[in-house]
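Here the structure comes first, spelled out in structure tokens, and everything after it is commentary.
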Amino acid sequence: MYTTFYRDNAIKAGIPENAEGEICWESPANIALIKYWGKETGQIPMNASLSFSLKKSVVRACMRYKANIKGEGGLLSFKVNGEENEAFARRIKDYLISLYPYFPCLGKLDLEIETHSTFPHSAGIASSAAAFSALALCLCSMEEALYNKETINEDFFRKASYMARLGSGSACRSVYDGFALWGETRHYQTGSKLFAAKLFEQDTDPVFNTLKDAILVADSSAKKVSSSGGHALMNQHLYRQSRIEQVELNLKKLLDALKEGDEKTFVEIVENEALTLHGLMMTSNPGYLLMKPGTLEMIEKIREFREETGINVGFTLDAGPNIHLIYFEKDAKNVRPFITTELVPHCEYGQWMDDQMGPGPKKINKL
Ligand code: DP6
């Protein structure tokens, strides 16, 4: 319904000949607790996923636009952290072309885009969710600026989430602060496959509002299998159906835990999802393995620490070897020394980032 809605309501009016301006947004990366793994055509997820947005791991994007009088607009340049990036520029060009049905104005504009990410260059942490979210927010704002609308409300973010999804699935969850749910599930009313939605405040106990995420870099080399390649392997995966059923069970338990402030179950489900994600990779055909020795060393240490101290701390993993240590702010004084003495020695060059749940995206004036 929203696809038809956005296409049918795309603003087809011309743009002023002297249209020119610049729009910038900052948007966070997000870490999934229930994993999106597997998709159908059109960036439709195989299952629902749930994540929270981070505070320090953000991408800033600025989009400069100028009317192209001949109506032959396009992406003129694309810079990442101050440098032209051909590979990403091609992906962005294709992305923008795919959005013409929603933003007909794109054909009439020359664009120059620059992005800057706060993640250390060598950290091996994917910035595409934050980048596509920031770009989608810029596009929605640019459209509003061109047609003199200024409505940064719920509909605005829903549309930005829809557009971000078309760039990278997980990006649709980055347009919100706090917890975001993407995909349909029996266990939450507002779930949609087309965009993410924020969990209602009354559905999360305040203990989860200040979650910490220490990102521990086990290995920063480029991945052998991209996320898109991994998603594709789910199409024929022998465990596909069981995975779909498992997500519903895990999502129910996690949503209940969030509501009830049940830290123990929360940690159990988060770790189960991380190990399942990597289990699915290992049992794909062909199977592959992204965890590194450092990843396993850290997992062992985290589990020992939890058993010895009774502190509810757990790990999750993205499609890569780096550990995200998830813990509660109230435990920070005990967990911090554990991170620096027991985990950081297993990180590549001792690299780690002390991040936490963040305030979501914001419009900014410059990079
Ligand atoms: C393991 O969003 O990067 O991080 O839609 O192909 O761009 P594309 O994939 P992407 O997949 C992310 C997968 C994940 C789990 C998650 O974030 O839910």
_Verify same cluster id: Val270, Leu277 (apolar side-chain graph, 4.5 Å)_ = no
Just list the side-chain donor-acceptor pairs under 3.5 Å for residues 359-367, sequence neighbours left out, or say none.
none

*In terms of side-chain geometry, is the basic nitrogen of Glu273 or Lys35 positioned less than 4.0 Å from the acidic oxygen of its partner?*
no
*Does the pair Lys55/Asp213 count as a salt bridge with the N-to-O cut at 4.0 Å?*
no
*Decide yes or no on side-chain hydrogen bond (donor to acceptor under 3.5 Å, both in side chains) for Gln351 and Ser220, but give the supporting numbers first.*
CA-CA 10 Å; Gln351 281 187 95; Ser220 64; 4.7 Å; no
*Could you walk me through whether Ile244 and Glu248 pass the side chain to side chain contact (heavy atoms under 4.5 Å, CB included) check?*
CA-CA 7 Å; Ile244 292 170; Glu248 281 298 284; 5.7 Å; no
*Would you please test Tyr6 and Phe103 for side chain to side chain contact (heavy atoms under 4.5 Å, CB included) and show each step?*
CA-CA 9 Å; Tyr6 287 136; Phe103 297 101; over 6 Å; no
*Asn250-Asn272 side chain donor-acceptor pair, cut-off 3.5 Å*: yes
*asked:* Salt bridge or not between Asp94 and Arg90? Use side-chain N to carboxylate O under 4.0 Å.
replied: no
*Would you say the side chains of Ser49 and Arg173 form a donor-acceptor pair under 3.5 Å?*
yes
_Which label fits Tyr36 and Trp182: parallel for a plane angle under 30°, tilted from 30 to 60°, or perpendicular past 60°?_
perpendicular
_Side chain Ser127, main chain Ala130, donor-acceptor under 3.5 Å_ = no
*With a 4.5 Å heavy-atom cut-off, do Leu216 and His324 have their side chains touching?*
no
_Taking Ile23's backbone N and O only, do any of them form a donor-acceptor pair with Ser141's side chain (distance below 3.5 Å, no angle check)?_
no
*Is Arg158 salt-bridged to Glu154, going by a charged N under 4.0 Å from an acidic O?*
yes
*Answer yes or no: is there an ion pair linking Asp110 with Lys66, defined by an N-O contact shorter than 4.0 Å?*
no
*Step by step, would you call Glu143 with Lys159 a side chain to side chain contact (heavy atoms under 4.5 Å, CB included)?*
CA-CA 12 Å; Glu143 183 185 51; Lys159 183 168 176 177; 2.9 Å; yes
*Examine Tyr102 together with Tyr162 and report whether their ring centres are nearer than 6.0 Å.*
yes
*Is it possible for you to say whether Met234 and Ile34 belong to one hydrophobic cluster, with membership spreading through side-chain heavy-atom contacts below 4.5 Å?*
no
*Does the pair Glu271/Arg303 count as a salt bridge with the N-to-O cut at 4.0 Å?*
yes
*Examine Leu109 and Trp25 and state if one hydrophobic cluster contains both, with Ile, Leu, Val, Met, Phe, Trp and Tyr joined whenever side-chain heavy atoms are less than 4.5 Å apart.*
yes
_In this structure, would Leu275 and Leu233 fall into the same cluster of hydrophobic residues linked by side-chain contacts under 4.5 Å?_
no
*Count the heavy atoms of every other residue, nucleotide or ligand shown that sit under 6.0 Å from CD of Glu83, and state whether that count exceeds 12.*
no
*For Ser117 and Asn81, work out which heavy atoms get closest and say how close.*
N-OD1, 2.8 Å
*Run the salt-bridge test on Glu114 and Arg64 with the 4.0 Å N-O cut-off and return the result as yes or no.*
yes
*Any sub-3.5 Å donor-acceptor pair from Asp205's side-chain atoms to Val207's backbone N or O?*
yes
*Distance-only, no hydrogens or angles: does the Ser51 side chain make a donor-acceptor pair with backbone N or O of Ala32 under 3.5 Å?*
no
*Arg165 side chain to Leu194 main-chain N or O, any donor-acceptor pair under 3.5 Å?*
yes
*For the side chain of Thr118 and the backbone of Val58, is there at least one donor-acceptor N/O pair under 3.5 Å apart?*
yes
*Around Gln202, counting heavy atoms of other residues, nucleotides and ligands shown, do more than 12 lie under 6.0 Å from its CD?*
yes
_Closest approach of Gly183 to Pro45 (non-hydrogen atoms, all atoms of both residues)_ = CA-CG, 4.4 Å
*For Asp203 and Tyr188, what are the C-alpha separation, side-chain angles and deciding distance, and is it a side-chain hydrogen bond (donor to acceptor under 3.5 Å, both in side chains)?*
CA-CA 10 Å; Asp203 292 332; Tyr188 211 77; 2.4 Å; yes
*Looking only at heavy atoms, which two atoms of Thr265 and Asp262 are closest? And how far apart?*
OG1-OD2, 2.5 Å
*Determine, for Lys198 against Asp177, whether the closest basic-nitrogen to carboxylate-oxygen distance falls under 4.0 angstrom.*
yes
*asked:* I'd like to know if Glu268 pairs up with Lys264 as an ion pair, taking the criterion as any Lys NZ or Arg NE/NH1/NH2 lying under 4.0 Å from an Asp or Glu carboxylate oxygen.
replied: yes
_Using modelled atom types and a 3.5 Å cut-off, is there a donor and acceptor pairing between side-chain atoms of Asp355 and backbone atoms of Lys212?_
no
*Give a yes or no on whether the backbone of Pro337 and the side-chain of Thr341 come within a donor-acceptor separation of less than 3.5 Å.*
yes
_Test log, rule side chain to side chain contact (heavy atoms under 4.5 Å, CB included), inputs Leu135 and Met63_ = CA-CA 8 Å; Leu135 288 176; Met63 191 175 273; 4.1 Å; yes
_Identified side-chain hydrogen bond (donor to acceptor under 3.5 Å, both in side chains) partner of Arg243 from the options Gln241, Gln246, Glu245_ = Gln246
List the atom pairs, donor and acceptor, that lie under 3.5 Å between side-chain atoms in residues 287-298 and the rest of the protein, sequence neighbours left out.
| unit_1 | atom_1 | unit_2 | atom_2 | d |
| --- | --- | --- | --- | --- |
| Thr295 | OG1 | Lys292 | N | 2.9 |
| Thr295 | OG1 | Lys292 | O | 3.1 |
| Thr295 | OG1 | Pro321 | O | 2.9 |

*If you measure SG to SG, does Cys138 sit under 2.5 Å from Cys62?*
no
*asked:* Using the side-chain contact (heavy atoms from CB on, under 4.5 Å) definition, which of the options Leu75, Leu76, Asn68 pairs with Leu111?
replied: Leu75
_Lys224 atom NZ, neighbour heavy-atom count above 12 within 6.0 Å_ = no
*Hey, is the main chain of Arg336 close enough, under 3.5 Å, to the side chain of Thr340 for a donor-acceptor pair?*
yes
*Parallel, tilted or perpendicular: which fits the ring planes of Phe132 and Tyr95, with parallel below 30° and perpendicular above 60°?*
perpendicular
*Could you point out which residue of Tyr327, Phe266, Phe52 forms a ring pair (Phe, Tyr, Trp, His ring centres under 6.0 Å) with Phe208?*
Phe266
*Grab the two heavy atoms, one from Lys12 and one from Pro104, that are nearest each other, plus how far apart they are.*
CG-CG, 4.1 Å
*Is the shortest distance from a Lys or Arg side-chain nitrogen in Glu86 or Arg91 to a carboxylate oxygen in the other one below 4.0 Å?*
no
*asked:* So which atom in Pro28 and which in Ser174 form the shortest heavy-atom distance, rounded to 0.1 Å?
replied: O-OG, 2.7 Å
*Using the rule that two of Ile, Leu, Val, Met, Phe, Trp, Tyr join whenever any of their side-chain heavy atoms come within less than 4.5 Å, decide whether Val267 and Ile215 are in one cluster.*
yes
*Establish, for the pair Lys330 and Phe328, whether the NZ or CZ atom is under 6.0 angstrom from the six-membered ring centre and no further than 45 degrees off its axis.*
yes
_Nearest heavy-atom neighbours spanning Lys301 and Leu343_ = CB-CD2, 3.7 Å
_Contact check, side chains of Ser77 and Glu84, non-hydrogen atoms, under 4.5 Å_ = yes
_Residues Asn312, Asp331; criterion side-chain hydrogen bond (donor to acceptor under 3.5 Å, both in side chains); working and verdict_ = CA-CA 8 Å; Asn312 290 309; Asp331 300 319; 6.0 Å; no
_Within a 6.0 Å radius of atom OH on Tyr239, are there more than 12 heavy atoms belonging to other residues, nucleotides or ligands?_
no
